[in-house]
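To keep things clear, I will list the structure first and then write my remarks on it.
In what follows, chains are A, B, ... by sequence order, proteins preceding strands, each numbered from 1.
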Amino acid sequence: MSSSDDDVPLAKRSSKTNGPSSPKAKAKSVVLPTRVSKAANAKADKEYDEMDVDGLGKNAPQSTSISNGPVKESSDDPGRPKRKGRKPAIKEETDSDSDAPLTKRRRTTNGTSKSASAASSASPKASPKVSKSVSPSSARMPSTIITGGTDDSDSDVPIAASKLSKEKAQIMKEENQLSRKLEAEDKKAAAAKKRKATVVKKVEDSEDSDVPLAKGKRRAAPAKKANGVKKEEESDDDTPLVKRPRATKAATVKKEPAVKKETKGKGRAKKSETPATTNGEADEGEEEEGEEEYKWWEQPETDGTIKWTTLEHNGVLFPPPYEPLPSGVKMLYNRVPMTLPVEAEEIAGFFGAMLETPHAKNPKFVENFFKDFQEILKESGGARNPEGKKVAIKEFSKCDFAPMFNYFEAKKLEKKALSTAEKKALKQEKEEAEKKYTYCLLDGRKEKVGNFRIEPPGLFRGRGDHPKTGKVKKRVLPEQVTLNIGENTPVPPPPPGHQWGGIQHDDKVTWLATWKENINGNIKYVMLAANSSLKGMSDFKKFEKARELKKHIGRIRDDYTKEMRSIVMADRQRATAMYLIDVLALRAGNEKGEDEADTVGCCSLRFEHVTLEPPNKLVFDFLGKDSIRYHDTVEVTPQVFKNIKIFKKAPKGPGDMIFDRLNTTDLNEHLRSYMPGLSAKVFRTYNASFTMQREMKKIPNEGSVHDKYAAYNEANRMVAILCNHQRTVSTSHEASLQKATEKIKALRYQKLRLKRQILFLDPKRKKKDPDFFKPDPDIDDEDWVKEHQKALIEQEREKITKKFEKENEKLAADGDKEQKASVLEERLEVLKEMEADFKKENKTGTVEPKGRAVTVEKIEANLEKMEERIRKQEIEVKVKDDNKTVALGTSKINYIDPRLTVMFCKKYNVPIEKLFTKTLRDKFKWALESADENWEF
DNA sequence: CTCAAAAATTCCGAAAGTATTCT
DNA sequence: CAGAATACTTTCGGAATTTTTGA
């Protein structure tokens, strides 16, 4: 164990960028030899392992293929070689027949390494053809031998161990020690653990944090004042963030608005609680009037395979049928309005509605759409011109959907123009219609249903470079929908004239309805909402599992650190992959099909996705889930660096898998051997929550609520960065940033003027305190000051003029006579004064304070306030800018154990409303009550 | 204070993942 | 066992809603 202390996994991340990456290298795909038997495999592993390592560094092609630019592959970029680049590359080599099995080749080695029989008997795609072609650059590499095992010490790799982040190493070391400690204690406690049965709210051991306690804890004492820990909290006691467990109802209500008001401070009064619809109905949220709430987290634990005993619901809501367009609204073909069969018109309308979206400019989207459109057109009888003659719709470019687009826009406007009352009525109507679908009865309890609406037809909006984007997503008929419902409960009637596709009573699943979508053949489900008990429980379990990993992580890390030197290539790859998943929080990376966007995760990384940057950095550049780019340069341990070098060795080239002996199933199977239920994704949860906790611990318990809130967000941000949660910068961002920066400058100028006022009153100050009057570098620019002064005058002018006009309008409306222009002139005299003042100011460097009884002290007080405002603004701008590409929400919703946030709120006295929106509070209500200020992940 | 416009935040839809089970 | 089927989580962008701003 101790041996591992030196090679703790660590990686230092630097420069995550979003900029365009290098142009794609000419792809040259190479197929690795096929392994034939286990023995042979092992032998091959050995050979593989002994291949040259050091030679690679200099000569290997290190280009990436991600090439084109923006974070998100924007689909309208015609020149993107990504996928295209890969296929031809393989084609070149295949020289066998064309397109069919092509791309499969890139995974050939993977597929065949597993089983001998599969390899020999397998389909052409797994052809054991060994390519002799080797990329020119690597052809003549010098050969250095690494033997397995012992002499594979780290010393033969150029290291810069000292450069590796000490801090991180330390953290991980501690983490591992803790883990081992936990493991040990866990064993000890194992015996005692047995008697978990009865609830008993034990106050227990709050002084200790890393108690191993597994399950029992979750019911432990909410907010017992027992150990008098919290003082201040006592004072505002009537809003404890934690409900007393015994209070089944009563206590639950009210409190929320109370806290909210408190939080709001200034804004309060306003609407506070009123907007809660008032329609009398369900009033959602606020704890169901009087109805008693089921707290599953206070119930004894269940095994979880049975999801319900009784289940009642009203089925699903289908989208309204298609409403044909008015006869005047038609697609034009060759400028001639076409009458389309309704089926086709609907499809055309889908496209028409999207005319101004980027999709409509994406060639793939257009192509797919048009193909489907033509087909449907053919099936339904074809388009007809005004004379009633059939017209073949052959070319997309001759289609003009503008009339449709305009029609939809007009409709939108029309809707927008409705009065508030009308809108409200409309909304209410809709809600009324949906009402019965929004809840179901699960074990007799009312639970909210999530997506009870069947997805409406439309054009498939695949993300990234999806081969099927733009295809028609068909309308779902009741016949395609299967319901899952309790036995002996009435089956909701299908829409008139229809039948359900099927009815089942499976209590081992949570869905209420399912259907198959026509684009990818994916199965869709109607499930309960996030705040339901079922979702809550599995969320809770997810986090508990991640916490459980804490006890094993040390051992796991030790193991993979060791196995990274294994002679068995598969093991070495697995260990290396585990490192990446653990340290970089990569996703597992399941295999994907040809008809999906080309995105990867850890196991599916290919040659071109990782570049070596000696001595010990790896550059990752690939598209991950949702085609979000992962681009990062990471410092890794020498062994990891070396391994990747080996995994990328010739004859591998672009298009080939880095982990060719590994897949997610193997990986997860291995992980399961450490801990039941452990899989790759748990590491993401674990590391995210762990990071959050670590960052939180750094936050000082001082300052304003706003400060703490900002600090929390900063910690949250760290987690989001770890998980690579990005968002696209909104178009308005640049502008709003500009505006904010300008605002700061304006404030700085105001500050300058205050100083100049002091100087006016006390000219000697400058000598006494030259530092104080040092020019502000940010507004040093004389031109800017002059411009700004002009702008201020302009502003004033507008203000006065507008006011004047408004007054006149009013006078006119009242039938009175308008004021003469001379009145305005007169009022605008002030501007001249201003101008003169500025002139004087610029000349003398002082400002005459206006108003009476101005003292230096008062100005100084103002100055301080001004500085505070400036500071605040600046921080705001910085945060805004830092966060422009980082999405905090995803980690908050999915990765950060909500009990950490609850703990933070209690410990730092921050109202939970600041950190959790209503839906989040609702979703995490189990956490609100089960963590106190000492809770630890 | 009120109103509308703008900006920010929150919620929602559905696509895109992971993981396990079935065939 | 590979590949398909299944079930469930995660993820983003954009719509909807709320808050802020700026008269």
For A/Asn451 and for A/Ser679, locate the closest nucleotide of DNA chain B by heavy-atom distance; then report the residue assigned to the nucleotide nearer the 5' terminus.
A/Asn451
If you assign A/Ser736 and A/Thr665 each to the DNA chain B nucleotide with the nearest heavy atom, which residue ends up on the more 5' nucleotide?
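Mapping each residue to its closest nucleotide by heavy atoms, the 5'-most match is A/Ser736.
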Quick one: is [X] getting a side-chain N or O under 4.0 Å of the [N] phosphate, OP1 or OP2?
X	N	answer
A/Lys681	C/dT9	no
A/Asn590	B/dT18	yes
A/His466	B/dA16	yes
A/Lys918	B/dC11	no
A/Lys524	C/dC8	no
A/Lys473	B/dA15	yes
A/Arg684	C/dT11	yes
A/Ser538	C/dT9	yes
A/Lys427	C/dT17	yes
A/Arg463	C/dG13	no
A/Tyr895	C/dT11	yes
A/Arg672	B/dT20	yes

Do the side chain of A/Lys625 and the base of C/dT10 come within less than 3.5 angstrom through a donor-acceptor pair of N or O atoms?
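Checked by distance alone, the answer is yes.
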When all nucleic acid strands are considered with a 4.0 Å heavy-atom cut-off, which category describes [X]: base, sugar-phosphate, or nothing?
X	result
A/Lys307	sugar-phosphate
A/Lys880	sugar-phosphate
A/Lys423	nothing
A/Gly889	nothing
A/Ser732	nothing
A/Gly450	nothing
A/Lys739	sugar-phosphate

Return the value, rounded to whole Å, for the distance between atom [atom1] of [X] and atom [atom2] of [N].
X	N	atom1	atom2	result
A/Glu669	C/dC1	CD	C1'	11 Å
A/Asn531	B/dT10	CG	P	17 Å
A/Leu888	C/dG13	CG	P	14 Å
A/Ile628	B/dG17	CD1	P	10 Å
A/Ile896	C/dT11	CD1	C1'	15 Å
A/Glu517	C/dC8	CD	C1'	16 Å
A/Asn668	B/dT18	CG	P	10 Å
A/Met354	C/dA15	CE	P	11 Å

Spatial distance of atom NZ (A/Lys892) from atom OG1 (A/Thr890) [nearest 0.5 Å]:
11.5 Å
Side chain of [X] only, heavy atoms from C-beta on: which candidate in [options] is closest?
X	options	answer
A/Val509	B/dA16, C/dT9, C/dC8	C/dC8
A/Trp511	B/dA16, B/dA19, C/dA7	C/dA7
A/Tyr525	C/dC8, B/dA16, C/dT9	C/dC8
A/Thr919	B/dC11, C/dT9, C/dA7	B/dC11
A/Thr917	B/dG17, B/dA7, B/dC11	B/dC11
A/Ile523	C/dG13, C/dA5, B/dA14	C/dA5

Report, as yes or no, whether the 6.0 Å neighbourhood of atom CZ on A/Arg827 holds more than 12 heavy atoms from other residues, nucleotides or ligands.
yes
Kindly calculate the angle separating the two end axes of the helix from B/dT2-C/dA23 to B/dT23-C/dA2, each obtained from five base pairs, and round it to 10 degrees.
10°
Hey, does the Lys NZ or Arg CZ of A/Lys468 hover above the aromatic six-ring of A/Phe460, less than 6.0 Å from the centre and inside 45° of the axis?
no
Using every non-hydrogen atom in the two residues, find where [X] and [Y] come nearest and quote the distance to one decimal.
X	Y	result
A/Leu671	A/Met578	CD2-CE, 3.7 Å
A/His466	A/Asp595	CE1-O, 3.4 Å
A/Lys923	A/Ile893	NZ-O, 3.3 Å

Walking DNA chain C from its 5' end, the first of A/Lys923 and A/Arg727 to be reached, judged by nearest nucleotide, is A/Lys923
Ring geometry between A/Tyr630 and A/Phe622 (parallel below 30°, tilted from 30 to 60°, perpendicular above 60°)
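Taking A/Tyr630 first and then A/Phe622, their aromatic rings lie parallel (interplane angle under 30°).
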Is the ring pair A/Phe916/A/Phe924 parallel, tilted or perpendicular, if the boundaries are 30 and 60 degrees?
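Correct class here is tilted.
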Counting the benzene-type ring for Trp, do A/Tyr895 and A/His725 have ring centres under 6.0 Å apart?
yes
Salt-bridge present (A/Asp507, A/Lys307; N to O < 4.0 Å)
no
